[in-house]
Amino acid sequence: MSSSPGIELREHVDLMYISMETAIALASVVGNVLVVLVVCVNRALRDTTFCFIVSLAVADIAVGALVIPLAVVVSLGLRTQFYTCLFLSCLILIITQSSILSLLAIAIDRFLRVKIPTRYSIIVTQTRAWVAVCLCWLLSALTGLVPMLGWHNQEPLGNLSASGHIVCQFTNVMRMDYMVYFNFFGWVVVPLSVMIGLYAEIFRAIRRQLNLRAEATCDTSKYYRKELKLAKSLALVVALFAVCWLPLHVMNCVTFFCPECNMPKMAVYVGIFMSHVNSALNPLVYAFRIQRFRATLIQIARRCMLCKTAEATPCPTNPPALMEKSAANL
């Protein structure tokens, strides 16, 4: 008995979606592991801003290692216990929320560095930066687990099978009013708006300082030019986050405000895929836009190539000092 063309098309879409998600998962994990490695290797990158960048990289690693596999499981509609499916969906929200809070922390950090440069090192210490990272993850966990406390879709509870299982899909367990009002408007739109305002003020303050020193070649001008370049790179990370995540949230809004509108499965897959692609893009931004990061990454690549070519000679077990010295000169 041959299957219908509609079923074959759906299976083809599912297969293509899983294949693309697998590729993005690998790219996200490898790229962001390199981000963490670069920061560990080069001491010059271990400032407060890169504490938050490491937090963002860890979130992106979790996207590749956890969120994407969970998203595939949830999208395929496997049968699980209701609260198991709900918890898996909440994990996706927690890791996503940690990304945007890390981006917000980076924006606040850069704002303070530009607005109070003389007092910045006193106010923003490494210890306080790591405390802020922990608070970001704690707040992400609290907001992401809200559905477990009761703000979830009750309908599947009335349609449990004899074994107590449901078809595990995100929209089956998550309420759209939570996703739209609480998650999107409260924890995506508001932080993004704050970040846009912060970066606008950062660029305005830096350009004002540079205009005041247009004729000078002092250390202050060099400081603000370096800050301007890094701020542009980090603002690009925020812009990519918005471009990649907004389509999926807009589709959630359409589903919530227009229940009779039929959202094509392909469109939903594209939205989910774009949100995951964001995790693989951040390392590329760092590599192409931040010179210190790129220099250390090149040193790591060269070291790996030397290790492969010199089969008879064992690789040094502690190369970071050499790479730090070389990267610091660039």
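Counting begins at 1 with the first residue of the sequence.
In this structure, a donor-acceptor pair under 3.5 Å is present between the side chains of Thr48 and Asp109. No donor-acceptor contact under 3.5 angstrom links the side chains of Asn153 and Asn172, judged on distance only.
Residues Ile272 and Glu21 have side chains in contact (heavy-atom distance under 4.5 Å, counting atoms from C-beta outward). By the 4.5 Å heavy-atom criterion applied to side chains, Phe203 and Lys232 are counted as neighbours.
At least one donor-acceptor pair under 3.5 Å links the side chain of Gln126 to the backbone N or O of Arg46. Checking side-chain atoms of Ser140 against main-chain N and O of Ser98 turns up a donor-acceptor pair under 3.5 Å. In this structure a side-chain-to-backbone donor-acceptor pair under 3.5 Å is missing from Asn252 to Val180. A donor-acceptor pair under 3.5 Å is formed between the side chain of Gln97 and the backbone N or O of Trp187. The main-chain N or O of Ile123 is found under 3.5 Å from a side-chain atom of Arg128 such that the two form a donor-acceptor pair. Within the 3.5 Å criterion, the main-chain N or O of Cys168 finds no donor-acceptor partner in the side chain of Arg79. With Asn32 contributing its side chain and Ala280 its backbone, the two residues share no donor-acceptor pair below 3.5 Å. Using a distance-only test at 3.5 Å, with no hydrogens or angles considered, no donor-acceptor pair links the side chain of Thr125 to the main chain of Ser121.
Considering all non-hydrogen atoms of both residues, Val38 and Ile300 come closest at CG2-CD1, 3.8 Å. Residues Ser102 and Leu56 approach most closely at OG-N, 3.9 Å, considering heavy atoms.
Phe87 contributes atom CZ, which lies 12.5 Å from atom OG1 of Thr80 (distance to the nearest 0.5 angstrom). In this structure, CH2 on Trp151 lies 11.5 Å from CE on Met174, to the nearest 0.5 angstrom. Taking CZ of Arg207 as the start and CG of Leu228 as the end, the distance is 5.5 Å to the nearest 0.5 Å. Rounded to the nearest 0.5 angstrom, Leu297 CG and Asn42 CG are separated by 11.5 Å. Taking CG of Asp177 as the reference point, atom CZ of Phe257 lies at 9.5 Å (rounded to 0.5 Å).
Using cut-offs of 30° and 60° for the angle between ring planes, the Tyr178 and Phe182 rings count as parallel. Ring geometry for Tyr269 versus Tyr17: interplanar angle under 30°, hence parallel rather than tilted (30 to 60°).
Atom CZ of Phe288 is surrounded by 12 or fewer heavy atoms from other residues, nucleotides or ligands within 6.0 Å.
Residue Glu227 is tested with Arg110, Lys222, Lys115 for a salt bridge (charged side-chain N to carboxylate O under 4.0 Å, His left out); the sole match is Arg110.
Both Leu246 and Val238 are members of a single hydrophobic cluster when ILVMFWY side chains are connected at heavy-atom separations under 4.5 Å.
Taking the six-membered ring for Trp, Tyr199 and Phe111 have ring centres at least 6.0 Å apart. You'll find the ring centres of His152 and Phe82 inside the 6.0 Å limit.
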**Study point:** CA sep, side-chain torsions, deciding dist, call: Leu91, Leu66, side-chain contact (heavy atoms from CB on, under 4.5 Å)
**Key:** CA-CA 8 Å; Leu91 279 180; Leu66 283 176; 5.7 Å; no
ring-ring contact (aromatic ring centres under 6.0 Å, His included) for Phe293 and Phe50? Distances and angles first, verdict last. CA-CA 10 Å; Phe293 182 94; Phe50 277 88; 7.2 Å; no
